[in-house]
Amino acid sequence: SAPVARATRAERVTPAADNPYEGRGLAGLRAWVAEVAALTTPDSIHWCTGSTAENYELTRQAVADGSLLQLNPEWRPNSYLARSAASDVARVEARTFICSADEAEAGPTNNWREPSALRAELEGVLAGSMRGRTLYVVPFSLGPVGGPLSLIGVQLTDSPYAVLSMGIMTRTGDRVLDQIAAGTPWVRTLHSLGAPLEEGQADVAWPCNDDKYIAHFPDTREVISYGSGYGGNALLAKKCVALRIASVIGRDEGWLAEHMLLIRITSPEGNRYHVAAAFPSACGKTNLAMLRSSRPGWRVETLGDDITWMKPGADGRLWAINPEAGFFGVAPGTGEATNRTAVETLWGNTIFTNVALRDDGDVWWEGLTETPPAHLVDWRGEHWTPDAGRPAAHPNSRFTVSASQCPTLAEGWDEPVALDAIVFGGRRATNVPLVTEASDWANGVFFGATISSEKTAAAEGTVGELRRDPFAMLPFCGYNMADYWAHWLRVGRTLSPAGTPKIFQVNWFRKGEDGSFLWPGFGENMRVLEWMVRRIERSVPAAQSPLGLVPAPGDLNVDGLDVAPDALAELFAVDRESWLAEAQLTEDFFDTFGTRVPAALRAELAALRYRLRQA
Ligand code: GTP
Ligand code: SPV
Ligand code: MN
């Protein structure tokens with residue numbers, strides 16, 4: 001097994017004394033639940049066991065009360081559609097807070113709030129907020145229960161939808177309670193929809209509140225979320241714990257919590273390689289994680305599609321797991337031609353959110369089929385025809401499904417794997433080449449730190465706007481981003497030279513003058529992975545570009561590919577003037593972090609400018 005071990009309590013930075021509940025076993029958990037119940041005043045408390053019978057009963061109730069719509073079991077067995085409130089469709093970054101004691105520790109990219117002040121504000125809104133509802137206690141494990149890189153927590157929530165989704169996305173239930181009883185440290189997360197029900201008041205299908213808070217207390221490893229029932233705002237194990245809180249724990253314990261997919265590539269020779277890749281939200285992680293190779297003999301298997309934790313092992317390699325147990329994937333654009341593996345994964349046992357409903361009781365979204373059905377009920381519940389002039393599914397509509405249903409799930413997927421490569425990418429219509437290889441770890445960290453990407457529908461805001469999204473972690477890093485870069489550099493120094501993963505940058509989204517994508521993407525991305533593997537194997541040399549190493553002429557296999565030679569040239573074109581302008585923007589960006597920016601990254605920027613200025 002992998003030479004990685006979990007930090008012991010003694011190695012943890014947070015002393016148990018800071019947390020009045022931790023280390024007291026179930027008594028500590030019960031004390032916290034009682035305190036939250038006294039504040040939020042639910043009608044009842046339900047301790048989730050994670051059993052099939054419980055899942056059945058919760059689902060039955062949700063269908064009965066109209067919060068879930070059962071799909072036609074003939075087409076989609078045990079599958080459901082949830083339609084959210086129109087105002088609650090994505091992560092709310094402006095209402096996401098990092099409440100470290102010291103403002104500078106949260107850094108300029110996070111919204112900081114003074115912890116005790118925000119705690120007091122939250123106590124105000126939480127008071128009585130679960131009236132008329134049930135408080136569910138959901139113990140969860142990120143990573144296999146008791147695994148070497150695993151972390152456990154508990155989510156308290158008044159949302160049955162969150163309970164059912166957490167049951168898919170994480171390992172839940174009694175076996176986690178056993179861990180708490182045994183004294184394992186755990187993370188507290190509290191979630192309220194902020195929609196109390198008065199005596200006799202009828203409920204709505206998607207309760208929520210216009211006032212939202214997604215608050216993180218990194219010093220006490222704690223999350224409080226109020227007002228939203230959607231995705232990363234409400235399934236607190238996911239972005240809140242597995243990224244924002246875990247990134248802080250990783251900083252303190254010497255590991256990394258990343259917004260990355262995780263795959264295994266098998267070459268025609270039968271050699272296996274493990275690759276983690278960070279792309280911003282809705283920029284292709286699930287698709288690459290489920291890639292169907294267009295190249296004979298090459299195979300990709302899925303380990304994870306959104307989050308990867310990685311820790312240096314005693315052997316000098318970087319060991320990785322996917323801490324999740326399911327996929328919360330973007331529906332639009334998922335079809336037979338783009339991601340057949342996802343389509344097959346979704347055969348049943350799936351919760352769909354904000355997709356369209358077909359007349360035959362099945363689901364549909366833009367891109368599932370080329371031609372839309374003649375009539376649908378759209379994500380808002382309104383009649384829809386192809387001439388409606390608006391999408392039938394919300395652009396951030398999603399599916400929630402167990403990883404176990406994925407036909408390409410890698411054997412032993414929940415065991416740690418040693419990484420051979422790390423990939424960074426973004427959605428860039430211009431400038432960024434199809435693939436570039438970093439010269440070393442520090443150069444790769446510079447790639448990660450300088451990602452910019454066009455905004456997508458995964459968060460509220462203007463779609464298409466270019467923004468910096470370092471390591472695809474802009475919305476997910478629980479501490480100062482510049483300290484996080486320093487941490488990456490530090491982790492790199494603990495790896496052995498041979499055990500250090502190669503780092504690459506990719507961009508599947510470059511566009512030609514006519515506005516269409518220059519690269520076919522999806523299964524054809526295998527060609528880029530193939531080149532990476534040949535580089536890992538040291539079986540091909542690379543060519544130099546000012547940005548880094550690129551495929552030597554002929555080394556990127558484009559046999560049988562419908563890409564014109566000038567399109568290929570355009571995919572790798574480096575416009576020095578635009579790149580010098582980008583370098584200036586990078587400097588401006590670095591300056592927002594002041595002296596915390598690691599000197600190694602300043603040096604990388606200087607070296608890039610030097611290379612760009614050479615004729
Ligand atoms: P999150 O779950 O939000 O973190 O998103 P993600 O990174 O997993 O993105 P996902 O794979 O769901 O892709 C988002 C969108 O990008 C979908 O509409 C895809 O069809 C599209 N997409 C993914 N890969 C490619 C590609 O190689 N080329 C092009 N043109 N589009 C792609
Ligand atoms: C993302 O936005 O990166 C997602 C969806 O994966 S959410 O869980 O809402 O964060
Ligand atoms: Mn994501």
Side-chain angles (χ1 to χ4, degrees), residues 84 88-93 96 162 165-166 169 214 225 228-244 258-263 277-292 294 302 304-308 322 324 326-343 353-354 365-368 391 393 395-400 423-429 434-435 453-461 463 469 472-476 506-511 515-529:
S84 81
D88 196 23
V89 294
R91 284 181 293 101
V92 282
E93 294 180 2
T96 300
S165 302
M166 285 281 291
M169 296 305 297
I214 320 296
S225 165
S228 170
Y230 204 88
N233 301 332
L235 317 181
L236 303 186
K238 195 172 175 51
K239 295 309 181 9
C240 298
V241 175
L243 289 180
R244 297 194 192 97
E258 298 301 326
H259 191 205
M260 292 183 178
L261 65 92
L262 186 59
I263 52 175
F279 308 149
S281 301
C283 291
K285 287 183 301 301
T286 302
N287 277 270
L288 191 66
M290 299 183 179
L291 177 142
R292 275 193 194 224
S294 65
T302 313
D305 83 323
D306 198 53
I307 298 176
T308 299
N322 164 20
E324 302 191 279
F327 307 127
F328 182 63
V330 177
T334 307
E336 294 283 339
T338 54
N339 190 350
R340 184 142 66 88
T341 303
V343 172
T353 306
N354 287 343
W365 50 79
E366 279 68 22
L368 177 60
N396 192 38
S397 55
R398 301 239 169 196
F399 52 78
T400 312
V423 180
F424 297 112
R427 187 182 281 270
R428 290 294 305 268
L434 180 64
V435 60
S453 192
E454 291 148 27
K455 281 184 77 170
T456 65
E460 289 197 330
V463 172
D469 192 348
M473 284 287 278
L474 180 72
F476 307 121
V506 300
N507 176 26
W508 313 142
F509 300 96
R510 198 159 179 173
K511 289 179 174 172
S516 61
F517 291 119
L518 288 166
W519 180 249
F522 303 102
E524 301 296 358
N525 293 332
M526 186 66 236
R527 296 168 186 271
V528 175
L529 298 179

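For ligands, and for the atoms within them, numbers begin at 1 and follow the listed sequence.
- Those atoms of ligand 2 with a heavy atom of Lys238 less than 4.0 angstrom away are 8 (O).
- In summary, Lys239 places an N/O/S atom under 2.8 Å from the Mn ion (ligand 3), meeting the contact criterion.
- Salt-bridge annotation for Asp306 and Lys238: present, with a side-chain N of the basic residue lying under 4.0 Å from a carboxylate O of the acidic one.
- Residue-to-ligand polar distances keep Thr334 apart from ligand 1: every N/O pair is separated by 3.5 Å or more.
- Of all atoms in ligand 1, listed by their number and element, those nearer than 4.0 Å to a heavy atom of Phe517 are 30 (N).
- When only non-hydrogen protein atoms are considered, atom 9 (O) of ligand 2 lies nearest to Gly232 N, 2.8 Å.
- Each of the following atoms of ligand 2 lies closer than 4.0 Å to a heavy atom of Ala458: 2 (O).
- Residue contact check: Gly333 has heavy atoms under 4.0 Å from atoms 18 (O), 20 (O) of ligand 1.
- Taking a cutoff of 4.0 Å between a charged side-chain nitrogen and a carboxylate oxygen, Arg428 and Glu454 do not qualify as a salt bridge.
- Selection from Trp508, Phe327, Trp519, Phe522 by nearest heavy atom to atom 22 (N) of ligand 1 gives Phe522.
- Considering backbone and side-chain atoms alike, Gly329 places every N or O at 3.5 Å or more from each N or O of ligand 1.
- With hydrogens and angles ignored, the 3.5 Å screen pairs a side-chain donor or acceptor of Glu366 with a backbone N or O of Ala393.
- In terms of modelled atom types and a separation under 3.5 Å, the side chain of Arg427 and the main chain of Ala282 share a donor-acceptor contact.
- For ligand 2, the atoms sitting less than 4.0 Å from at least one non-hydrogen atom of Asp306 are 6 (O), numbered in the order shown with element in parentheses.
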Does Leu518 form a side-chain contact (heavy atoms from CB on, under 4.5 Å) with Phe509? I'd like the steps, not just the answer. CA-CA 7 Å; Leu518 288 166; Phe509 300 96; over 6 Å; no

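- For atom 3 (O) of ligand 2, the nearest protein heavy atom (residue, atom name, distance) is Ser281 OG, 2.5 Å.
- Close contacts of ligand 1 with Pro280, meaning ligand atoms under 4.0 Å from a residue heavy atom, involve 7 (O).
- For ligand 1, the polar-atom distance check finds an N/O of Ala282 within less than 3.5 Å of one of the ligand's N/O atoms.
- At least one cation-pi condition fails for Lys285 and Phe279: the charged atom is not both under 6.0 angstrom from the six-membered ring centre and inside a 45 degree cone around its axis.
- Judged by distance alone, with hydrogens and angles left aside, the side-chain atoms of Thr96 form no donor-acceptor pair with the main-chain N or O of Ile214 at under 3.5 Å.
- Taking the six-membered ring for Trp and thresholds of 30 and 60 degrees, Phe399 and Trp365 have ring planes inclined between 30 and 60 degrees apart.
- Applying the 4.0 Å criterion to heavy atoms of Phe476 picks out, from ligand 2, the atoms 3 (O).
- Checked by distance only, ligand 1 and Asp306 come closer than 3.5 Å through their nitrogen or oxygen atoms.
- Between the side chains of Arg91 and Ser228, no donor N or O sits under 3.5 Å from an acceptor N or O.
- Here the CG atom belonging to Asn354 is positioned 5.0 Å from the OH atom belonging to Tyr230, to the nearest 0.5 angstrom.
- Remark: minimum distance from atom 16 (O) of ligand 1 to any protein heavy atom is reached at Arg427 NH2, 3.1 Å.
- In this structure, the protein non-hydrogen atom closest to atom 19 (C) of ligand 1 is Asn287 ND2, 3.6 Å.
- Among Lys285, His259, Lys239, the residue whose heavy atom lies nearest to atom 1 (C) of ligand 2 is Lys239.
- Checked by atom type and distance alone, the side chain of Ser397 never pairs as donor or acceptor with a backbone atom of Ala331 at under 3.5 Å.
- Residue Pro332 has at least one N or O atom closer than 3.5 Å to an N or O atom of ligand 1.
- Of all heavy-atom pairs between Arg527 and Ser294, the closest is NE-OG, 4.0 Å.
- Closest N/O/S atom of Asp306 to the Mn ion (ligand 3): OD1.
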Evaluate Trp519 against Asn525 for side chain to side chain donor-acceptor pair (under 3.5 Å), listing each step before the verdict. CA-CA 9 Å; Trp519 180 249; Asn525 293 332; 2.7 Å; yes

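- Every atom of ligand 1 is numbered from 1 in the order shown, and the set under 4.0 Å from a heavy atom of Arg398 is 1 (P), 2 (O), 3 (O).
- Distance from atom 6 (P) of ligand 1 to its nearest protein heavy atom, with residue and atom name: Lys285 N, 3.3 Å.
- Here Cys283 has backbone heavy atoms under 4.0 Å from ligand 1, and that is the only part of it that gets that close.
- Under 4.0 Å from ligand 2, not a single heavy atom of Leu235 appears.
- The backbone N or O of Ala278 lies less than 3.5 Å from no partner atom in the side chain of His259, so there is not a single donor-acceptor pair.
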